[in-house]
Amino acid sequence: MKISTLLRPMALALAPLLLSAVPVFAQADSGSEANPYARETPAQHDARMKWWREARFGMFIHWGVYSVPAGTYDGKKVPDIGEWIMNHGKIPVARYTNYAKEFNPTKFDADRWVELAKAAGMKYIVITAKHHDGFAMFDSKASDWNIVKATPYARDPLVELAAACKRHGIRFGLYYSQAQDWVNPGGAIAGGSWDKAQEGSMDEYIRNICVPQMKEILSRYGEISVLWFDTPFDMNRERSEEVLGTLKLQPGIIFNDRLGGGFKGDTETPEQRIPATGYPGRDWETCMTMNDTWGYKSYDNHWKSAETLLRNLIDIASKGGNYLLNVGPTSEGLIPEASVERLQAVGKWMRANGVGIYDTTASPFKHLSWGRCTKQVTAKGATLYLHVFDWPQDGKLAVPGLHNHVTASFLLTGSGSKKLTTTAMPEGVVVSLPSQAPDPISSTVVLKVRGLLDIEPQLLSQGSDLSLTLPASEAELRGSDIQVESSNGHDNIGYWTNPGDWAEWQFKWLQPGKYVATAEVSSEGGASVDLSLGNQNLRGSVPDTGDYHKYQKVQFGVFTIEKPGRLKLALNAVSNDWHPVNVRSIQFTPNQ
Ligand code: FHN
């Protein structure tokens, strides 16, 4: 029952290395009879994913016994996320299971929860049927550690929630911690066991607890639309296949990339972050908390604003993904008021502007200085939804590089729409806007255009001070592992675990001369990298910054640029003794 790698869920600094060491993202799902979709054609796959792609917005619910201690054990606040309190507090099994006696969510009202999700504009719900503490939120023959047998409540809330979802037209999905289980013996435990009662065989745990429980939850509630696996510790191919086989009970179910055993599932699941470039060619879903915990913690008041949540949703849609936004109900069965207020604010916006979110695909623009774009494409043309975060002072909204004929343009006002005028310019389309934005967070301008989208890619070029910053988000990445990721509001190149991978930027140079090249980088271990521009090469030494979140500026030296024009810069690893390097940007400044 030992876990070789201790993956603290919030330890994002380690995530690039740890996740890339887990094979779940790496291999194909075909070739296994256990996989219900092994022989699925691309058209069948698209049909199965249709509702999910249209939905764009869902509610994650982390609810269980951990909502009783709510972040405090023996009078002490246990740091980190609330649903991990048993593990982080090393609470003995007998002490932890006692909390079930106080778990009596008499205020739980399934209709209210589902109505709240629906009013927020969400189209599906995924709730923890069992989290890592092993507590089943359903009646189970496989283990008495469940809400019906171990609590005074003695009812299965999933029955009511599934029925309410059906009544309100919301898709119902279940989260199930298939590997980690800190109470049922034999389950995997991040960091290793702390109580003899936890010890046992993982194979037996999979056979006697996990698989029977999977069958229970997949056969009781009518249609289950999503199965959300998590933390695939010690999930080898065999164990994963046993679990995967149960999905046959729900034809058409969508499952994520966290089963283990090399099964990559239907969806990528970036957690607490928005990947800068999405996952071209893969469906993906950002899951995120509204404060800093998934499971309820009585004293976590670090709430994201409605503005942040909404702009996240828009940003995610503009990158082609879904937003699975979490609520952590209390042990009484109430969704915290702060979450309710935020969801209501998001819902108000969605009622006026949701047409630009649902059933849209990723932006055709790489970067828009004033906001984001989503689109719908048909055989005849396209609709572009321009989500304007920063309303232009001069009333002119530039859509750079757009060369299509605009057949209609209007602004969503909240109570309807207002016609707008557009002007075709050599450098793109300019939309004339009223002086006031209808919505201070994001207003939606709709452009209908004829024919295939014709958008000229915009190359970055020098600013008036002749400097140029090449951000991670503009890089073209080559190779197997390297990715653009986001953390603390910044994009960076990460997952650069394979020294054969590299990054490139293309840009337009205006003013010849000598320019100093500087990179903003971080590394745990330090490494050397090469910057190449034509036949010039500069080698830079990236120091050990001690933490992937700690960035430093490293000067590489001076490039001589002889004539204006289009240039390409490549950033390569020097493979001797490679330690992954994260890169936020490369900057060129005139050499004084
Ligand atoms: O360990 C869990 C965590 O408690 C939470 O459930 C999140 C949600 O994505 N998943 C794991 C960490 O990746």
Side-chain angles (χ1 to χ4, degrees), residues 3 5-25 58-67 69-71 78-89 91 96 124-137 173-183 187-192 226-235 254-260 265-275 284-297 300 304 312 316 321-329 339 485-487 495:
I3 308 278
T5 325
L6 166 59
L7 177 58
R8 298 247 335 252
M10 300 300 274
L12 288 174
L14 287 174
L17 282 176
L18 293 177
L19 287 180
S20 61
V22 175
V24 288
F25 301 107
M59 177 183 270
F60 214 175
I61 306 178
H62 277 69
W63 195 33
V65 158
Y66 38 80
S67 61
V78 178
D80 226 320
I81 43 186
E83 70 286 3
W84 275 67
I85 190 167
M86 182 181 181
N87 186 309
H88 291 155
I91 305 180
Y96 188 79
Y124 61 110
I125 283 177
V126 179
I127 183 168
T128 47
K130 187 196 90 164
H131 203 265
H132 311 329
D133 63 358
F135 183 71
M137 291 290 285
L174 295 172
Y175 169 111
Y176 185 84
S177 176
Q178 78 285 14
Q180 285 207 77
D181 191 317
W182 308 327
V183 168
I189 302 179
V226 174
L227 203 296
W228 222 94
F229 295 111
D230 207 358
T231 61
F233 294 141
D234 295 344
M235 289 298 287
I254 290 169
F255 72 105
N256 68 352
D257 59 347
R258 300 191 186 190
L259 169 62
D266 298 310
T267 56
E268 299 285 329
T269 52
E271 180 166 324
Q272 303 283 40
R273 68 187 178 91
I274 302 173
W284 63 275
E285 176 189 64
T286 284
C287 55
M288 201 180 273
T289 51
M290 279 198 210
N291 50 357
D292 290 336
T293 181
W294 303 91
Y296 179 67
K297 256 181 119 170
D300 183 338
K304 295 176 183 72
N312 283 347
I316 289 166
N322 282 14
Y323 197 22
L324 187 63
L325 185 58
N326 185 71
V327 295
S339 301
E485 49 176 349
S486 297
S487 92
Y495 291 82

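One-based numbering, in listed order, for ligands and for the atoms of each. All values derive from a computational prediction rather than experimental measurement. In this chain, numbering begins with 1 at the start of the sequence shown.
- Of all atoms in ligand 1, listed by their number and element, those nearer than 4.0 Å to a heavy atom of Glu83 are 3 (C), 4 (O), 5 (C).
- Any N or O atom pair closer than 3.5 Å counts here, and Thr231 shares no such pair with ligand 1.
- For ligand 1 and Trp84, the ligand atoms under 4.0 Å from any heavy atom of the residue are 1 (O), 2 (C), 3 (C), 4 (O).
- Taking only nitrogen or oxygen atoms, main chain and side chain alike, Trp294 does not reach within less than 3.5 Å of ligand 1.
- Proximity of Gln180 to ligand 1 is not established, as no heavy-atom distance is less than 4.0 Å.
- A side-chain N or O of Gln180 and one of Thr231 form a donor-acceptor pair less than 3.5 Å apart.
- If you check the side chains of Asp133 and Tyr66, you find no donor sitting under 3.5 Å from an acceptor.
- With a 4.0 Å heavy-atom cut-off, ligand 1 is reached by no atom of Glu285.
- Those atoms of ligand 1 that come under 4.0 Å of a heavy atom in His132, given as number and element, are 1 (O), 2 (C).
- Interface of Cys287 with ligand 1, defined as ligand atoms under 4.0 Å from a residue heavy atom, comprises 9 (O).
- Annotation for ligand 1: atoms under 4.0 Å from non-hydrogen atoms of Tyr175 are 6 (O).
- The contact set between ligand 1 and Arg258, taken as ligand atoms under 4.0 Å from a residue heavy atom, comprises 9 (O), 10 (N), 13 (O).
- Side chains of Thr128 and His62: a donor-acceptor N/O pair is absent below 3.5 angstrom, by distance only.
- Note: Phe60 and Tyr175 have tilted aromatic rings, judged against thresholds of 30 and 60 degrees for the angle between ring planes.
- Residue Trp228 touches ligand 1 through its side chain alone, judged by heavy-atom distances below 4.0 Å.
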